[in-house]
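So the structure is just underneath, and the comments pick up after that.
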Amino acid sequence: MNQTINAIQNPGWTPTSWQQRVALQQPQYEDAAELAEAITELAHLPPLVTSWEVLALKQTLAEAQEGKRFLLQGGDCAESFADCTSPIISNRLKVLLQMSLVLVHGLKQPVLRVGRFAGQYAKPRSTDTETRGGVTLPSFRGDVINGPAFTAEARRPDPQRLIRAHAHSALTMNFVRALIDGGFADLHHPEYWDLAWVEHSPLAAEYRRMVAGIGDSLRFMETLAGPIAGFTRVDFFTSHEALLLHYEQAITRQVPRHRGWFNLSTHFPWIGMRTAALDGAHVEYFRGIRNPIAVKVGPSVTPAQLMPLIDALNPEDEPGRLTLIHRMGHAQIATALPPLLETVKREGRRVLWVADPMHGNTESTSNGFKTRRFDNIRSELDHAFDIHAAAGTHLGGVHLELTGEDVTECMGGARDLSEVDLQRAYKSMVDPRLNYEQSLELAMLIVRKSQKG
Ligand code: PEP
Ligand code: CO
């Protein structure tokens with residue numbers, strides 16, 4: 001029954017129909033039988049999220065499209081199995097909660113929180129191989145595929161990692177859900193989310209003022225209305241780049257009470273910029289799932305390319321279905337973004353526009369670090385708000401790479417980190433992330449920007 005309905009709505013689509021298209025950024029597994037065995041095992045394991053949650057998120061994203069909510073989506077560029085630890089998970093959750101508190105307070109709007117976690121284990125790479133000292137090995141593609149160490153053994157794509165990625169995602173999900181359900185995210189107790197820095201940060205006073213303001217409003221409302229259940233817990237959803245299609249396919253399921261197919265490895269998968277070709281395998285896979293989905297849009301995308309992509313991924317113009325995450329770079333956003341906004345608006349298509357001010361602003365320093373300048377990130381975000389305002393469209397959220405740790409990967413910010421500082425605590429295996437202080441500062445800047453208009 002479900003299968004029939006799906007075939008009618010998505011002609012020719014099955015969870016494996018992507019295999020008939022060109023699939024970029026996939027590893028070359030040596031042993032097809034070993035891969036098939038891992039996929040079969042994965043397909044029998046329970047899912048990580050439910051269709052009810054997925055549909056609830058779609059509904060909430062539809063509200064963000066209407067300007068009634070703001071989306072905060074953030075987390076590591078790449079999660080690693082080694083970082084699946086209690087402090088790293090809880091610190092990341094804390095910084096996202098703190099940022100959302102700042103945004104709720106400043107924007108006077110509900111914030112929709114989506115983590116880039118519990119599955120962000122696959123990375124697109126610019127080259128298939130890496131050469132060091134005359135030795136060439138496969139590039140590191142994320143922990144779901146191979147290991148980061150530069151040895152033949154670590155770099156071999158290992159199908160057993162599909163199972164380990166599912167397990168680590170489940171461990172992460174379980175801990176996040178338990179923290180949230182147990183009261184960690186209770187608005188009456190923002191001190192639960194304090195990170196050590198709040199004591200000595202230049203931003204501490206401003207953050208404390210906001211927390212006190214929210215506490216006052218909460219007490220005032222509860223004096224009038226009694227305890228308000230919604231403030232004792234918040235919703236948290238997960239997302240990742242659904243890059244490794246064998247993994248995604250194995251966790252694509254049908255469920256008893258909802259039609260069609262759901263990717264139940266995450267609530268909100270997205271297609272990365274490098275794999276968003278209209279005739280490619282990723283677009284084929286995504287068109288058939290019922291999740292809300294996102295696509296990263298870079299500066300080379302033209303309106304003539306974007307419109308067929310919207311038609312393929314959201315032919316019915318369903319509310320909440322499609323988010324476009326633009327990542328143009330601070331220098332290109334003013335020319336690259338307006339034509340896309342104008343076309344989508346003119347065609348009357350329903351999308352949620354979100355700004356990723358990180359990925360278009362990556363550069364290398366003279367001492368060999370991949371970094372991003374806080375000022376460039378901020379500038380892209382400022383431009384994004386202005387450009388949307390001028391186009392009469394709505395910027396409904398931000399997509400950030402960040403961590404709750406005290407890393408030094410992006411330059412600038414309130415402590416003005418320099419090239420030299422990058423050596424102190426550069427931990428990212430892939431892209432440079434905002435540290436907790438830079439993340440919070442960005443949330444405060446978003447509020448100031450929106451208040452200035
Ligand atoms: C990412 O989000 O880590 C990423 C690779 O982004 P993009 O596809 O925009 O390069
Ligand atoms: Co990244």
Side-chain angles (χ1 to χ4, degrees), residues 23-27 71-80 83 92 114-128 139-145 148 165 238-245 248 266 268-278 280-283 285-286 293-301 305-306 309 313 323-333 336-337 340 353-364 369-373 376-377 380-381 384 397-403 407 409-410 426-435 438-439 442:
L24 297 180
Q25 297 285 343
Q26 307 299 294
L71 171 71
L72 171 64
Q73 185 176 18
D76 285 308
C77 179
E79 284 182 282
S80 72
D83 280 355
R92 188 174 49 214
V114 176
R116 254 182 90 110
F117 56 57
Q120 179 52 23
Y121 289 117
K123 294 309 300 175
R125 302 313 306 259
S126 45
T127 53
D128 284 342
S139 294
F140 171 57
R141 289 186 172 276
D143 273 359
V144 62
I145 291 159
T238 63
S239 65
H240 66 249
E241 178 176 349
L243 183 67
L244 180 61
L245 291 172
E248 307 301 331
T266 189
F268 189 20
W270 80 83
I271 308 181
M273 187 188 71
R274 295 171 185 75
T275 50
L278 181 62
H282 291 80
V283 170
Y285 168 75
F286 271 71
I293 60 173
V295 185
K296 292 282 199 94
V297 180
S300 66
V301 175
Q305 291 166 326
L306 187 61
L309 202 57
L313 294 172
T323 294
L324 297 178
I325 306 172
H326 49 76
R327 32 87 81 224
M328 303 297 182
H330 74 285
Q332 296 197 66
I333 187 167
L337 186 58
L340 302 181
W353 290 107
V354 169
D356 165 359
M358 313 294 295
H359 284 88
N361 295 310
T362 315
E363 57 183 281
S364 289
F369 286 101
K370 201 173 171 189
T371 192
R372 291 164 175 153
R373 291 171 200 270
N376 291 345
I377 295 169
E380 177 160 355
L381 211 46
V398 287
H399 179 112
L400 304 170
E401 287 187 342
L402 54 84
T403 167
V407 298
E409 297 172 4
C410 292
Y426 195 103
K427 297 186 187 152
S428 174
M429 289 188 303
V430 198
D431 288 339
R433 301 159 296 178
L434 297 168
N435 63 25
Q438 292 167 328
S439 302
L442 206 63

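We count ligands from 1, going down the list as the structure has it; atoms in each ligand are counted the same way.
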Identify, by atom number and element, the atoms of ligand 1 in contact range of [X], meaning under 4.0 Å from any of its heavy atoms.
X      : result
Arg274 : 5 (C), 10 (O)
Glu401 : 1 (C), 2 (O), 3 (O)
Gly272 : 8 (O)
Cys77  : 3 (O)
Pro124 : 5 (C)

Query raised in the report: Counting heavy atoms only, which of Glu241, His240, His399, Lys296 is nearest atom 2 (O) of ligand 1?
Result: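 Closest candidate by heavy-atom distance is Lys296.
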
Contact partition for [X] relative to ligand 1, non-hydrogen atoms under 4.0 Å:
X      : result
Lys123 : side chain
Ala78  : neither
Met273 : both
Arg116 : side chain

Query raised in the report: Backbone or side chain, does any N or O of His359 fall under 3.5 Å from an N or O of ligand 1?
Result: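 Yes; the residue has a nitrogen or oxygen that sits under 3.5 Å from a nitrogen or oxygen of the ligand.
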
Query raised in the report: Which of the N/O/S atoms in Glu401 sits closest to the Co ion (ligand 2)?
Result: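 It is OE2, the N, O or S atom of Glu401 closest to the Co ion (ligand 2).
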
Query raised in the report: Can you tell me the N, O or S atom of Asp431 that's nearest the Co ion (ligand 2)?
Result: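 The Asp431 atom nearest to the Co ion (ligand 2), restricting to N, O or S, is OD2.
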
Do NZ/NE/NH1/NH2 and the carboxylate oxygens of [X] and [Y] come within less than 4.0 Å?
X      : Y      : answer
Arg433 : Glu409 : yes
Lys370 : Glu363 : no
Asp83  : Lys427 : no
Arg92  : Asp76  : yes

Taking [X] for its side chain and [Y] for its backbone only, find out whether a donor-acceptor pair lies under 3.5 Å.
X      : Y      : answer
Asn376 : Gly329 : no
Glu401 : Asp431 : no
Thr362 : Arg372 : no

Report task. Among His326, Gln73, Lys296, find the one that has a side-chain hydrogen bond (donor to acceptor under 3.5 Å, both in side chains) with Asp356. Result ->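 Considering His326, Gln73, Lys296, a side-chain hydrogen bond (donor to acceptor under 3.5 Å, both in side chains) with Asp356 is found only for Lys296.
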
Requested in this report: Apply ring pair (Phe, Tyr, Trp, His ring centres under 6.0 Å) to His240 and Trp270, showing your working.
Outcome: CA-CA 6 Å; His240 66 249; Trp270 80 83; 7.4 Å; no

Report task. Determine the minimum heavy-atom distance between Ala118 and Thr238, stating which atoms define it. Result ->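 Where Ala118 meets Thr238 most closely, the heavy atoms are CB-CG2, 4.1 Å.
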
Requested in this report: Could you please compute the angle at the Co ion (ligand 2) from SG of Cys77 to NE2 of His359, rounded to 10°?
Outcome: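 Roughly 170°, rounded to 10°.
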
Report task. Would you mind checking which non-hydrogen protein atom is closest to atom 9 (O) of ligand 1, with the distance to 0.1 Å? Result ->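 Result for atom 9 (O) of ligand 1: Arg327 NE, 2.6 Å.
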
